[in-house]
Amino acid sequence: MVLHEQLHEMNPAMKFLVVVVSMLTLAWFFNPWTPALFFVGVVLFQFVCSLINWKLWLLLMIPFVITAFGYLWTTVLFAAEAGGTVIWTWKQFEVTDAQWTRALSLAFRVIAFSSISLLFALTTKPVTFVISLMQQFRLSPKLAYGIMVGYQFLPVVKEEFIQIRHAHRLRGVGVEKWWWQRIYGMRRLLIPLLAAAVRKAERAAFAMEARAFTGKPRTTFFKPVPVRIHDWILVFIFVMLLVISGLSGVLFMNN
Amino acid sequence: MGKLKEKNAPIRTSIVMKLDNVTFRFPEDDKPILQDVSFVIHQGERVVITGQSGSGKSTLLYLINRLYPANCDGILSGEITLWDRQHEDYLPGEVNARIATVFQDPDAQFCMPTVEEEMAFTLENLNVPGIEMEKRITEALEATELTHLRHTVIQTLSGGMKQRVATACAVLMQPEVLLLDEPLSHLDPFTAREYVTWLDELQTKYGWTVVAVEHRLDHWGDFFNRRLQFVGGFVEHSDAVVVPPIVFNKRKSTLTTETVFEAQGISVEVNGKSLLEDVSFKLKSGEIAVLAGPNGSGKSTLFKAICGILPLAKGCIETGRTYPGYVPQSPEHLFVTQRVEDEVLFSKEAVPELVGDMMRRLRLDDIADSHPFAISHGQKRRTAIAAMLTEKRPVLLLDEPTSGQDEAALHELHRLVHTRAAEGLAVLIVTHDMSFAASVADTVFLLKEGQLTGQFLAEDVWQNESLLLAHSLLPPSGGILYGTS
């Protein structure tokens, strides 16, 4: 199997588990090094083992970077006294090294969390993910296929939304001068959209039941989503990344 | 309320289903929707159940495939026997493995993205072993001639193709009975006829028992060999499966010479894609015109362009004081208030003096206080028309008002449109229903791929079968034009 496809081919349920475990583990580290190293590791990993669209990745990272920066300066300026030596003064503000470390650790934590979430989001197909959850973690088929139908309905609802907005425009709704008037006018779209959604949902449920769907756990799968040796290797790499970044973070801090 | 009883016809094949004095009531209703329904269906029969909207046809179908009574807490009495066992003795899902159903709405009967995944979903429900699935999917796709669509995303298919995919999923289940719930109602006439031919071959091959619910049999030809009819409390079992076409009164034209609307060379582009190109036409006061063409030819776009919803890329529109009024296929899309009367009064342009009269003429005065979403489809359309007309709009555009309507509703629509035209309005109607069009239209516009093929006199266009066929239309069923005037 090609190296560049590894992350895309990875069992989605396992990948999800790894992401959740990584996040929970990272939350225990309050030094800036661990999340920073983890972030670098995730990006490198993604660079070697995936074929994601890096332009899209950059675009999606922008809001997270802004959030991280926000955490950084608000923590630096307004956080509770943490002690330590003053490393920087400006007017009445004094920044101690302890404060600075804590701020950096929070900022990098945001970046690390978002990078691992993006890794998951950009390398996983939603349908395979849901099917895999059903097979590996015994997610109830009722819930799983419910999610899937909802996912299929998104374009239909969008189309309906456009139709209703067009019709409303004819009545002079949604063409008001100011944006807040238009936003307020949106409430009129809710009833027709919900009415249509409820109707469609009932029909879809009937169609599923008419095809002998009972919601019972299934015994056979057309395309089993297996857990293979590759998946364990990838899990191992993630765990190593966690251990290394965790240990070196603690070591750096103690020196 | 539906009553249905029939004499037993001596047929040699085994009995597939038997209904004995079935009475069914929804918990929220006072009266039962089905009353003392009894009939027998034999192996291999093709039976159609007809009746007006709301007569309980679909309810009956849902009782047969066991979606009811469990899903609506309905109250059922009488006996339904499927093969040799009582209806209620079957486990959940057990009946559905033997009785497959194709529903009406092509957009709401799939839950997976691609055709193959959808088919796999069906087989997984039936606990078919993994190795056999591949074989059955390939076979079903070959039998239905849909192999080329195997990896296609269902949402990208046309309505007709979606119905075929739904049928293919039924084929896949290797059922003994196929139930059809108005499967043609969202298809254009040509596509509908193609579907029927295709289904005919499949039925001959597999020998299913077919039970369909349908309010119009125009496109079915001689597909069925028995008909059960719901007539309010009346018992009918008819062997005449080719129903005489609906006879509309041929209206007397109210066409005048005064031009109230003119479009000159209009083009529309949405997201850089050209949807309409250089369309020009005129409408006169009192004229009823029909706009027809295949699905996706730009009919709705044209409507939205000439009533000012979509911007014009080129061309201009002359339409007097206000834009034409537009009633979408789902009239409730227009509704923005909680009361019918408020709805009619809503617009700033509305002329309050007109409202009382308008409400009376469109028979809305009785339901003035009702919620616009809680009234019948016909009432919704009349409310929408009233809302448009109080703004003194000179032209009325009706988008697919005939779709999914039964005979009574069509007659009402016919009267409604004629009365508006007699009042001096120009009416432009999009419809696939050429029988209706033939009875009502002065002029016919044919649209194809965003271009107007031409303007035709209504009397001429029906003779020209090849022209109609090129626009996915079928000539009106015979006899229609000889109604009284």
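In the text below, chain A, chain B and the rest are named by the order of the sequence lines, each starting its count at 1.
- Look at A/Lys223 and B/Glu124 and you find no salt bridge, because none of the NZ, NE, NH1 or NH2 atoms lies under 4.0 Å from a carboxylate O.
- A/Ile131 is listed as a side-chain neighbour of B/Met112, based on a closest heavy-atom distance under 4.5 Å.
- Heavy-atom distances place no part of A/Arg187 under 4.5 Å from chain B, backbone and side chain included.
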(request) Show your reasoning for whether side-chain hydrogen bond (donor to acceptor under 3.5 Å, both in side chains) applies to B/Asn71 and A/Glu209. (result) CA-CA 10 Å; B/Asn71 281 318; A/Glu209 242 182 86; 3.2 Å; yes
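- At a 4.5 Å heavy-atom cutoff, A/Leu189 makes no contact with chain B through either its backbone or its side chain.
- For A/Leu170 against B/Pro324, the heavy-atom pair with the smallest separation is CD1-O, 4.4 Å.
- The shortest distance between side-chain heavy atoms of A/Val149 and B/Phe110 does not fall below 4.5 Å.
- Taking the side chain as every heavy atom from C-beta outward, A/Ile191 and B/Phe335 never approach each other to under 4.5 Å.
- Looking at A/His168 and B/Leu334, their side chains never come closer than 4.5 Å, going by heavy atoms from C-beta outward.
- Both the backbone and the side chain of B/Pro92 come within contact range of chain A, each with at least one heavy atom under 4.5 Å from a heavy atom of that chain.
- Expressed to the nearest 0.5 Å, how far NE2 of B/His333 lies from CG of A/Leu193 amounts to 8.0 Å.
- The line from OG1 of B/Thr337 to CZ of A/Arg171 is 7.0 Å long, rounded to the nearest 0.5 Å.
- Heavy atoms of B/Arg136 lying under 4.5 Å from chain A are absent altogether.
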(request) Any chance you could lay out the salt bridge (charged side-chain N to carboxylate O under 4.0 Å, His left out) test for A/Arg188 and B/Glu332, step after step, and finish with the verdict? (result) CA-CA 12 Å; A/Arg188 300 182 200 277; B/Glu332 68 258 32; over 6 Å; no
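- Atom CD of residue A/Gln163 and atom OG of residue B/Ser330 lie 8.0 Å apart, to the nearest 0.5 angstrom.
- Taking each heavy atom of A/Ala212 and B/Ala97 in turn, the nearest pair found is CB-N, 4.3 Å.
- Under a 3.5 Å cut-off, the side chain of A/Thr220 and the backbone N or O of B/Val128 do form a donor-acceptor pair.
- There is no contact between B/Gln104 and chain A, counting heavy-atom distances below 4.5 Å.
- Neither the backbone nor the side chain of B/Met119 comes within less than 4.5 Å of any heavy atom of chain A.
- Side-chain N/O atoms of A/Lys200 and B/Gln109 include no donor and acceptor closer than 3.5 Å.
- Two residues are said to be in side-chain contact when any heavy atoms from C-beta on lie closer than 4.5 Å; B/Asn125 and A/Thr214 fail this criterion.
- A pairwise comparison of heavy atoms in A/Ala207 and B/Phe103 identifies CA-CE1, 3.4 Å as the closest pair.
- Going from atom SG of B/Cys111 over to atom CE of A/Met208 covers 4.5 Å, rounded to the nearest 0.5 Å.
- Within the 3.5 Å criterion, the main-chain N or O of B/Ile309 finds a donor-acceptor partner in the side chain of A/Arg169.
- The contact between B/Met173 and chain A is made entirely by side chain atoms (from C-beta outward), counting heavy-atom distances below 4.5 Å.
- Classified by interplanar angle (parallel below 30°, tilted 30° to 60°, perpendicular above 60°), the ring pair B/Tyr68/A/Phe206 is perpendicular.
- Taking 4.5 Å as the limit, every side-chain heavy atom of B/Leu123 sits out of range of all side-chain heavy atoms of A/Phe222.
- Both the backbone and the side chain of B/Tyr326 come within less than 4.5 Å of a heavy atom in chain A.
- Note: B/Phe121 and A/Phe213 meet the aromatic proximity criterion, with ring centroids under 6.0 Å apart.
- The one candidate from B/Thr122, B/Leu126, B/Leu172 that meets the side-chain contact (heavy atoms from CB on, under 4.5 Å) condition with A/Arg211 is B/Thr122.
- Remark: A/Tyr151 OH is loosely packed, at most 12 non-hydrogen atoms of other residues, nucleotides or ligands lying under 6.0 Å away.
- With a threshold of 4.5 angstrom between heavy atoms, B/Glu343 approaches chain A through its backbone and through its side chain.
- Heavy-atom distances place the side chain of B/Leu310, and not its backbone, under 4.5 Å from chain A.
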